[in-house]
Amino acid sequence: MKVTRRYLQVLLVSCLIISTVLLLRYKNVTLPAFEWSSADELFCHDISDQAALPDISQHPPNPNKRNIFFLETTCNSFRRGKLFIKARQACAVESAARLNPDMDVHLLFASPGILKDENTQSDRLLHSLTAYPNVKLLHFDLQQFIQDSPVEELWSSGRIKESRYPVAHVSDILRLLTLWKFGGIYLDLDVIVLKSLTTLPENFAGAQSVDLVANGVMGFSRTGKGHQYMQECLEDAALNFNGIIWGENGPILITRNIFKHCSKFSYPMLIRFGICDEFRIIPPSGFYLLPYQNWQLFFEEDLAGNIVSYAEANSYLVHVWNKLSLNWTILKRDLNVPYLQLASKYCPGVVRELDVEF
């Protein structure tokens, strides 16, 4: 048999996907080690007298609908003097809005900022998002948002911003607090939604490995068991906040608190079983098709299209590990790159507004 170059490419990609699935099923996946960040990156959180969008505390989500939440907790908008969004963030929001027209999709900015159209790429992206009737751009004043919550004292102590990873740890706490207040679904801003999320159970989170439940995609009810679980997580964070370990207040905290409800199982048994009390644990293929060690596969050529077809068949969304992939750019002409192929289909408005690269 003649072995062609295309045959070898198909074989290589197929082997990589199979090895990834086996890795997720049989091998523990530890958390990556990230460089420390600085609380200076969050200075805008203390600014409340600047022009901003309407605040979610005065414009709460519709309690009669299931809501989706994205949180932008950086100060990028304040630094630019207007609202700012990156292309991949906009893709996450558009894909969620397109595939879930009956849900309201809330993009919450911690940074003050206003919409100002100067025809930059970011301006065009924000304009394209606001064309969706179910997309809501809102500010959240963090001092007000934290008030009367289980983590108010922790926040006031300054321990979160003094951690080694203040950007990540602020985000970890705020996503829990958002679901505690309003219920609904939280999504990281480095996803592309591929399917409607309406079929997901009310209370769920996604496993990223055989023994770790991640906090990048999760949903909990505003009342009942879901609210109780968020209360427990926030109380755990207030009591046991750890500013030294990157994932301690996120995936590790989520996993620990789920396990409390089903402690007769080991972590791997619980995650493989997929249900605990009234909580569903979605397997890695649902949200975290590729572990962080293989994030490059979303951004490298896949001539056979195996990654895209596998994701569309098995995943609600793809998560592309922004902390690792943010500096990897894709040119608009890179048509065989899985991320761009998915973006072209699920966030076409964003792709149309790109200048040169993703």
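In the model, Asp302 has no side-chain atom that pairs as donor or acceptor with a side-chain atom of Asn336 under 3.5 Å. Checked by atom type, the side-chain pair Gln231/Trp180 shows a donor-acceptor distance below 3.5 Å. Checking Thr74 against Glu72 by side-chain atom types alone, a donor-acceptor pair falls below 3.5 Å. Side-chain N/O atoms of Asn119 and Asp123 include no donor and acceptor closer than 3.5 Å. Looking only at atom types and distance, the side chain of Tyr339 has no donor-acceptor partner in the side chain of Glu300 under 3.5 Å away. Judged by distance alone, the side chains of Asn134 and Asp104 never bring a donor and an acceptor atom under 3.5 Å apart. No side-chain N or O of His127 forms a donor-acceptor pair with one of Asp117 less than 3.5 Å apart. One side chain, Thr198 or Ser196, offers a donor N or O that lies under 3.5 Å from an acceptor on the other.
The cluster map of Ile, Leu, Val, Met, Phe, Trp and Tyr, joined by side-chain heavy atoms under 4.5 Å apart, puts Ile258 and Phe273 in different clusters. Note: the hydrophobic cluster containing Phe70 does not contain Phe84 (ILVMFWY, side chain heavy atoms under 4.5 Å, direct or indirect links). The hydrophobic clustering, which links ILVMFWY residues whose side-chain heavy atoms are closer than 4.5 Å, places Phe358 and Leu326 apart. Note: the hydrophobic cluster containing Phe265 does not contain Ile275 (ILVMFWY, side chain heavy atoms under 4.5 Å, direct or indirect links).
Electrostatic pairing of Lys181 and Asp148 does not count as a salt bridge here, judged by no charged N lying under 4.0 Å from a carboxylate O. A salt bridge does not link Arg159 with Glu153: every distance from a Lys NZ or Arg NE/NH1/NH2 to an Asp or Glu carboxylate oxygen is 4.0 Å or more. Salt-bridge check for Asp102 with Lys65: failed, with every basic side-chain N at 4.0 Å or more from each acidic carboxylate O. Looking at Asp188 and Arg175, a side-chain N of the basic residue comes within less than 4.0 Å of a carboxylate O on the acidic one, giving a salt bridge. The existence of a salt bridge linking Arg272 and Asp211 is excluded, since no basic side-chain nitrogen approaches an acidic carboxylate oxygen closer than 4.0 Å. Between Glu312 and Lys345, at least one side-chain nitrogen of the basic residue sits less than 4.0 Å from a carboxylate oxygen of the acidic one, meeting the salt-bridge criterion. Using a 4.0 Å cut-off between a side-chain N of Lys or Arg and a carboxylate O of Asp or Glu, Asp355 and Lys332 do not qualify as a salt bridge.
Thr329 places no side-chain N or O within donor-acceptor distance of the main-chain N or O of Glu357, the cut-off being under 3.5 Å. A donor-acceptor distance shorter than 3.5 angstrom exists from the side chain of Lys195 to the backbone of Ser315, with no hydrogens or angles considered.
For an aromatic pair to be called close, the ring centres must be under 6.0 Å apart, and Phe241 with His169 satisfies this. When ring centroids are compared, His319 and Phe287 stay outside the 6.0 Å threshold.
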Give the table of side-chain donor-acceptor pairs shorter than 3.5 Å for residues 136-145, with sequence neighbours excluded, one pair per line with atom names and distance.
residue: Lys136; atom: NZ; partner: Pro133; partner atom: O; Å: 3.2
residue: His139; atom: ND1; partner: Asp55; partner atom: OD2; Å: 3.2
residue: His139; atom: NE2; partner: Ala110; partner atom: O; Å: 3.3
residue: Asp141; atom: OD1; partner: Gln143; partner atom: N; Å: 3.1
residue: Asp141; atom: OD1; partner: Gln144; partner atom: N; Å: 3.2

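Atom CD in Glu353 sits 8.5 Å away from atom CD in Gln121 (nearest 0.5 Å). Note that SG of Cys262 is 11.0 Å distant from CE of Met269, once rounded to the nearest 0.5 Å.
Relative ring orientation between Tyr267 and Phe259 is described as perpendicular, the plane-to-plane angle rising above 60° on a 0-90° scale split at 30° and 60°. The aromatic rings of Phe279 and Tyr229 sit tilted relative to each other, their planes meeting at an angle between 30° and 60°.
With contacts defined as side-chain heavy-atom distances shorter than 4.5 Å, the pair Val105/Tyr132 does not qualify.
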